[in-house]
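Proteins get letters first, then strands, A, B, ... in listed order; numbering begins at 1 in each.
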Amino acid sequence: MASSEKINIPQQPPMVMIDRLIKADEAETITALVVSADNVFVENGYLREPGLIENMAQTAAAGMGAKSSTPESKPRKGYIGALKNLKIDKLPAVGEEIITRVMVVNNVLNATIIEAEVTCHDEVIARGELKIFLEEKAPDPPETLAEQPDPLMYRYNREVFYSFNKETGFTQKVDYQYSANQQIIRQGWDAAEDRLDAVRQEIAAGILSPIAYHMERCLMELSILASYMKLSKWRIRRHLKPSGYHKLTPELRSKYAAVFGISVNELDNIDPMDQPQKGT
Amino acid sequence: MIKLNFEHRQAGHCESGVTSNLLNYYGLKISEPMAFGIGAGLFFSYLPFLKMQHAPVTSFRVWPGMVFKRATSELGVKSGIFTFRSKKESMDKLKSTLDSGIPVGMQVGTFHLPFFPPEYRMHYNMHNMVVYGYDHDTFFVSDTLVEKPVEISYDDLVRVRFAQGTFAPRGRMYYPYDVPESVDIRPAILSGIKKTAHNMVGIPIPLVGVNGIRYLSRQMRTWEKRYGEAKASYYLGQVLRMEEEIGTAGAGFRFIYGAFLEESAEVLNKPFLREMAEEMGENANKWREFSYLGSRNCKKRAKPEESYDMLADMLYACAGREEKIFKKLSRM
């Protein structure tokens with residue numbers, strides 16, 4: 001039992017029916033158990049049938065536990081749904097070691113069908129097919145989302161978050177934005193970067209003017225730029241084209257520069273390394 | 001120099017937090033969820049014909065400014081709300097109001113807000129904060145999103161107050177000035193709940209309330225086919241940003257609203273409201289689950305079964321739950 005804590009299964013003693021994990025990979029899982037006298041399923045010196053079936057099911061669970069992404073993650077609970085072609089030739093006696101081999105035959109939705117084979121002294125003593133239903137995986141509660149290994153984009157301002165669970169009701173906490181949320185914020189910036197790249201290419205192709213570039217760099221849209229410039233949208237649209245851009249008056253150029261927060265000379269610069277601007 | 005003795009408290013939602021903090025300054029203890037609930041802030045609307053940052057507008061709350069307006073009028077607090085054409089006039093009015101010892105709430109754009117986390121600085125004009133003093137050209141600001149009180153220069157303040165774009169603030173500022181010493185908040189709570197219930201289940205327009213959630217759910221199923229993978233993912237991201245980003249305290253205000261119902265149950269001594277609060281809490285957790293799974297899609301780590309169909313199913317279920325909750329609340 002000493003090594004049983006390394007095996008990642010949902011069962012707790014005294015229901016643990018495996019001692020050690022010998023092998024766990026995609027194809028099969030092998031475990032070993034020395035039948036001890038204090039085993040709950042031992043009767044008259046022999047491990048009874050329910051013990052053997054538990055042993056098979058737990059071997060399957062140990063395999064899944066070992067394959068789950070993080071060793072600490074909680075294993076999913078499973079229920080034995082059906083037994084097929086179960087054949088038990090012999091019951092193992094106390095003190096004997098049994099080796100159990102389990103192969104996953106099929107995964108259907110939440111059910112896993114496994115084929116198990118129990119050997120004792122190199123002799124197959126039991127075999128059968130089990131259908132195990134896995135409990136729906138509960139989604140991680142919001143509290144743990146922040147502790148996910150994803151790097152946080154920023155850690156310089158904590159915000160207030162609310163959460164709810166049945167026991168404590170609603171609670172407030174102050175923490176950094178969850179990593180999942182930071183991810184969706186990042187997606188917004190990534191998209192802005194892609195748009196900026198697209199504009200760069202269109203400028204190189206002579207379709208758009210630097211105004212379009214600075215507009216995108218400042219995360220503006222036509223309507224926003226038009227209202228900052230106090231010009232109509234169709235006039236701005238002209239300036240977005242190279243032909244309209246070259247006809248810009250010095251007054252309008254300096255007005256554009258002021259709106260974009262740059263100097264007039266910088267208006268022509270299109271820096272390939274520029275990122276979308278995060279405010280000023 | 002003027003620096004009022006204003007208590008800076010962080011909050012989940014900027015406008016409710018500002019409302020709560022402003023009333024708190026006058027000794028009226030109204031919590032943030034309370035301000036949000038009485039102000040009937042909860043809402044849902046999906047407006048595919050309006051684009052913001054290149055994606056359809058999804059909103060989980062009422063029009064900006066409504067929470068303060070409703071909450072103060074329901075509580076019998078007299079307040080002033082102003083917008084300006086002239087920048088100078090707006091700043092003069094701000095200074096003179098501060099001079100008379102009144103902290104001022106204002107709507108600002110976030111793009112030029114210097115103390116804001118850079119990741120949040122988009123052209124988003126529905127942010128609220130309180131200015132509670134000034135020293136020459138430096139203004140003292142309490143922003144519910146930021147941990148500590150901050151400062152802003154005169155020029156920057158003008159810029160954020162006159163930010164352009166959707167919902168341009170036009171220098172909008174507001175403050176309560178006549179706050180009664182004690183207020184019976186019970187009728188205000190009931191009226192707030194009624195209003196929200198009406199907004200969520202009583203408006204026969206398919207784009208708003210629970211119908212809006214269902215509409216979004218139906219649209220979501222078609223995104224991938226209609227717009228391709230990249231754009232669909234961006235659209236989904238936009239919904240999630242609106243749900244979880246700046247100042248919703250999570251789950252598109254559903255947590256705050258649940259907290260409001262919980263607090264109301266105490267105040268009114270109605271076990272029924274406690275039940276509703278619990279249901280709202282469960283519902284909020286489902287919304288969080290939705291945004292969590294959706295975020296995996298946005299970083300392209302979704303499992304095949306976590307498709308738009310599945311997310312749409314989750315939304316549909318959320319709509320069903322909210323419909324049940326608000327139908328019950330409207331019958332109260």
Side-chain angles (χ1 to χ4, degrees), chain A residues 109 138-143 145 148 150 152-166 168-174 176-192 194-195 218-221 223-230 259 261 276-280, chain B residues 10-12 17 32-33 51-54 110-114 116-123 144-147 156 159 164-166 168 230 233-234 236-238 240-241 244-245 247 249-251 255-256 258-259 262-263 277-278 280-282 284-285 288-289 291-296 298-299:
Chain A
L109 295 173
D140 304 21
E143 285 78 13
L145 294 186
Q148 298 237 328
D150 284 319
L152 290 176
M153 270 165 86
Y154 64 90
R155 279 184 172 280
Y156 39 74
N157 185 50
R158 279 179 295 200
E159 299 165 39
V160 174
F161 293 96
Y162 285 68
S163 59
F164 171 79
N165 75 46
K166 259 212 154 105
T168 57
F170 291 88
T171 43
Q172 264 187 35
K173 68 163 185 173
V174 177
Y176 300 108
Q177 184 72 274
Y178 304 128
S179 75
N181 289 358
Q182 296 207 5
Q183 210 63 47
I184 42 187
I185 295 169
R186 162 158 285 160
Q187 188 211 29
W189 290 102
D190 286 348
D194 290 347
R195 286 197 299 270
C218 293
L219 301 168
M220 287 181 178
E221 286 159 63
S223 56
I224 300 180
L225 181 57
S227 47
Y228 269 109
M229 288 295 292
K230 298 199 169 61
V259 167
Q277 188 185 350
K278 295 181 175 167
T280 42
Chain B
Q10 267 194 294
E32 181 203 0
K51 293 270 161 61
M52 212 172 117
Q53 283 147 17
H54 309 270
T110 57
F111 187 70
H112 295 291
L113 213 52
F116 227 49
E119 279 74 14
Y120 284 166
R121 284 189 214 154
M122 305 216 175
H123 294 278
T144 55
L145 183 94
V146 184
E147 287 182 57
D156 281 339
R159 249 206 307 198
Q164 298 292 322
T166 328
S233 170
Y234 184 70
L236 175 64
Q238 184 79 344
L240 301 181
R241 276 188 286 281
E244 299 287 347
E245 210 189 301
F255 280 122
I256 297 196
E262 191 184 58
E263 204 179 325
E278 249 177 47
M280 187 49 90
E282 303 284 343
N285 280 339
R288 278 249 0 112
E289 197 183 316
S291 72
Y292 176 61
L293 293 176
S295 78
R296 299 231 292 227
C298 293
K299 61 181 171 185

Are the side chains of Asp190(A) and Tyr234(B) in touch, meaning some heavy atoms are under 4.5 Å apart? no

Engaged part of Gln187(A) at the chain B interface, taking heavy atoms whose separation is under 4.5 Å: both

Counting heavy-atom pairs under 4.5 Å to chain A, which of Gln53(B), His54(B), Gln238(B), Glu278(B) comes out on top? His54(B)

Using heavy-atom distances under 4.5 Å, tell me whether Glu263(B) contacts chain A through its side chain, its backbone, both, or neither. neither

Could you tell me which residues satisfy ring-ring contact (aromatic ring centres under 6.0 Å, His included) with Phe161(A), sequence neighbours excluded, listed by chain and number? Tyr178(A)

Are any non-hydrogen side-chain atoms of Phe164(A) and Arg288(B) less than 4.5 angstrom apart? no

Chain B shares the most heavy-atom pairs under 4.5 Å, among Ala226(A), Ser223(A), Cys218(A), with Cys218(A)

Between Ala284(B) and chain A, with a heavy-atom cut-off of 4.5 Å, which part of the residue counts as in contact: side chain, backbone, both or neither? neither

Proximity breakdown for Ala230(B) and chain A, heavy-atom pairs closer than 4.5 Å: neither

Would you check if Gln10(B) and Thr144(B) make a side-chain contact, meaning some heavy-atom pair closer than 4.5 Å? no

Would you mind telling me which of Met122(B), Gln164(B), Arg159(B), His123(B) makes a side-chain contact (heavy atoms from CB on, under 4.5 Å) with Phe111(B)? His123(B)

